[in-house]
Amino acid sequence: MSPYKSILLCSGLVLTAQASVLQFTNPTTCCSLLDSKFPGESKVFSSTALEYEALTFYWTPTAQVLPRCVFTPYNTNDVKKAVKLFARRNCQFAVRGGGHSYNPGWAGIKKGVLISLGNMNHTTYNAGTGLATVDGGSRWTDVYGDLLPYNITVLGGRNSDLGVGGYLTGGGISFYANKEGWAADNIEGVEIVLGNGTVINASKTQHSDLLRSVKGGSNNFGIITKFRLATVNATGLFNGWYMRYPFASTDSYLAAAESYCNGGVDTDTRSHIIFSASIVGMGNMTNVALMAYDGALDPSNPPSVLGPFFDGTVANPTFQWFAPNGTIKSATDGLRDAQGSGNRYTMTTLSIRVELSLLKKLRKAWLEMTTTDLRVIPGFLVQFAFQPVGATWIAASAAKGGNSMGITEPLAVMWIQLRWDNQSDDAQLLQYSRRLIRRFEKIASRAGKLASFRYLNYGDRFHKDDIIPSYGSESVTRLQSAKELYDPDNVFGRLVPGGFKIPGY
Ligand SMILES: Cc1cc2nc3c(=O)[nH]c(=O)nc-3n(C[C@H](O)[C@H](O)[C@H](O)COP(=O)(O)OP(=O)(O)OC[C@H]3O[C@@H](n4cnc5c(N)ncnc54)[C@H](O)[C@@H]3O)c2cc1C
Ligand SMILES: *[C@@H]1O[C@H](CO)[C@@H](O)[C@H](O)[C@H]1NC(C)=O
Ligand SMILES: *[C@@H]1O[C@H](CO)[C@@H](O)[C@H](O)[C@H]1NC(C)=O
Ligand SMILES: *[C@@H]1O[C@H](CO)[C@@H](O)[C@H](O)[C@H]1NC(C)=O
Ligand SMILES: *[C@@H]1O[C@H](CO)[C@@H](O)[C@H](O)[C@H]1NC(C)=O
Ligand SMILES: *[C@@H]1O[C@H](CO)[C@@H](O)[C@H](O)[C@H]1NC(C)=O
Ligand SMILES: *[C@@H]1O[C@H](CO)[C@@H](O)[C@H](O)[C@H]1NC(C)=O
Ligand SMILES: *[C@@H]1O[C@H](CO)[C@@H](O)[C@H](O)[C@H]1NC(C)=O
Ligand SMILES: *[C@@H]1O[C@H](CO)[C@@H](O)[C@H](O)[C@H]1NC(C)=O
């Protein structure tokens, strides 16, 4: 780190003084300068343009903020020209992939310029190298659809509507995670537009420090225009389904969940389970297991690790298929359709080391804190979910070169997802989610089972400055060194205010 940065880090006063000296160019000026770079090409849309509404639509309206204009690049050169201009003129901007972040201003910006990557959405496959090349603005449904004719796929969203850009730079939990690791660890290379407008390829042999940094480093290093991804065999059948178990099955459900998390998962890494529980309005809590299997699945003779969830050990299951004996595309399209857009949502996360008594304590605290005054709020839904990051997953990630996330021991990523109807209820429900996660932290910490990791893609606005530090000091130091090398002017911190930032930037 340069001495200049160290001084800034050590002194809040200096930071404040420095900030007041910075002059950002008026966004209207930035928009017209940008437009003049692309004469007659209609790539810049102001709020009066017909396209503006669709371009500023987010999966959840909770995330929406309105930019002065939206820029829609078609290729890397377009992105390069824009970033060069913004850096030279001190224009603030945001970068949007699929627009699935829950947080306002993460993939959007009030008044500045929004770069929306949706027109950069091609996928190709090179049978010689076995790698797929995926443009930075693609969505998984198109990626899977383009690759399946070759009988292969890549590690991507379990909901196919997600964008590749945010998902992969945040880590990425895919249905293949238990066997193949984080989706980010299956990135073999990226083409990235740096803060000074230079385009470089980072791979395992060239700028490997940058490649590692973007695996969990989010939007802090540049705009990724292409991902080169390792592929996996998709010749076989793929299954995705939900099972629900009533409130009364809770004890056996949690016992089976604990056993799957603490080793079960490693015995059959083609399996995948998200353990969740939901409360909808005043209805009773139900236990849910969202499951997938990379292979054919006969419900009357399931793979043995899934046995307890089928054979009555966890009592009274009800099935809901979204892709019986289908493909990765039909399973993830099924989840996309089940998780429709348009509602207000938030999500918050922590990680624990799994222990049955802790799971019970957390469930109990959650039920206590989900009081009637909250449950009567229009559209109220709360989900409490967790899933293991097991030994095989961690080893697979490490073998592929490692990432920024600093996980060395098995843990479970845990999250709370909240849904509601009205903007007028935002403050109350955001506070509830914040209180819940703090209480969870206390309970897990008292049990000696709190893990430091917080998953970026499930992080909330209240943890803006806590996510990347949760990767541990070794990762943070590596990320800071990469910032000095690849974004020395901190274009992606100073001019891109949205997202989870690296300490000091
Ligand atoms: C319904 C739903 C289901 C989900 N399911 C899963 C799941 O199965 N597994 C999982 O791991 N996560 C899941 N998530 C979380 C998801 O990974 C994140 O929301 C992720 O940010 C989505 O990526 P995006 O491109 O759509 O997001 P955006 O909101 O567009 O972007 C998120 C962040 O990434 C940055 N960014 C986007 N593209 C680029 C790029 N090309 N270069 C540099 N920076 C970029 C943006 O600036 C922004 O800060 C889910 C979320 C939702 C809403
Ligand atoms: C993909 O990009 C093209 C332009 O390059 C655009 O016309 C098309 O609508 C995009 N597809 C999606 C699904 O956004
Ligand atoms: C894909 O697999 C199917 C079924 O196994 C086979 O018929 C087809 O030829 C394969 N396609 C390619 C491109 O290998
Ligand atoms: C990046 O790699 C691609 C594919 O190998 C190549 O076409 C392109 O020219 C490279 N770009 C740079 C800036 O090196
Ligand atoms: C892919 O999996 C199928 C079975 O699902 C198998 O027959 C085939 O040999 C595998 N292909 C490769 C390249 O591993
Ligand atoms: C939920 O189910 C449990 C167990 O069957 C029962 O004890 C409880 O009263 C139910 N609560 C509601 C609100 O129905
Ligand atoms: C999936 O296919 C297998 C045979 O390959 C069959 O035994 C099983 O019943 C099928 N499952 C479903 C849900 O149809
Ligand atoms: C809140 O939601 C309810 C039900 O969806 C709706 O009827 C009502 O008009 C909303 N109230 C406000 C203030 O938006
Ligand atoms: C842009 O930044 C990169 C990384 O810091 C550096 O290698 C490159 O020389 C810079 N290019 C220009 C034109 O300044």
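Heads up: numbering here begins at 1 and tracks the sequence. When a ligand or atom number is given, it counts from 1 through the structure's own listing order.
- T269 and N178 form no side-chain donor-acceptor contact under 3.5 Å, judged by distance and modelled atom types alone.
- Note on residues 408-433: pairs passing ring-ring contact (aromatic ring centres under 6.0 Å, His included), not counting sequence neighbours, are W415-Y458.
- Using a 4.0 Å cut-off between charged side-chain N and carboxylate O, D421 and R344 make no salt bridge.
- Note on residues 111-133: pairs passing ring-ring contact (aromatic ring centres under 6.0 Å, His included), not counting sequence neighbours, are Y125-Y150.
- Checking D333 against T141 by side-chain atom types alone, a donor-acceptor pair falls below 3.5 Å.
- Those atoms of ligand 8 with a heavy atom of D421 less than 4.0 angstrom away are 5 (O).
- Between H207 and Y486, the two ring planes are perpendicular [angle over 60°; tilted spans 30° to 60°].
- Geometric assessment of R434 against the ring of F462 yields a positive cation-pi assignment under the 6.0 Å and 45° thresholds.
- Aromatic ring centres of W321 and Y242 lie farther apart than the 6.0 Å criterion allows.
- For a heavy-atom separation below 4.0 Å, the residues in contact with ligand 1 are W59, V95, R96, G97, G98, G99, H100, S101, Y102, W106, A107, L117, G136, R158, N159, L162, G163, G165, G166, Y167, G172, I173, N219, G222, I223, I224, Q339, Y455, N457, Y458.
- No side-chain N or O of N403 forms a donor-acceptor pair with one of Y471 less than 3.5 Å apart.
- Remark: R270 is not positioned above the aromatic ring of Y176, lacking an NZ or CZ atom under 6.0 angstrom from the ring centre and at most 45 degrees off the axis.
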Which protein N or O atoms sit under 3.5 Å from any N or O of ligand 3? Give each pair with its distance.
from	atom 1	to	atom 2	distance (Å)
ligand 3	2 (O)	N151	OD1	3.1
ligand 3	2 (O)	N151	ND2	2.3
ligand 3	11 (N)	N151	ND2	2.9
ligand 3	14 (O)	N151	ND2	3.2

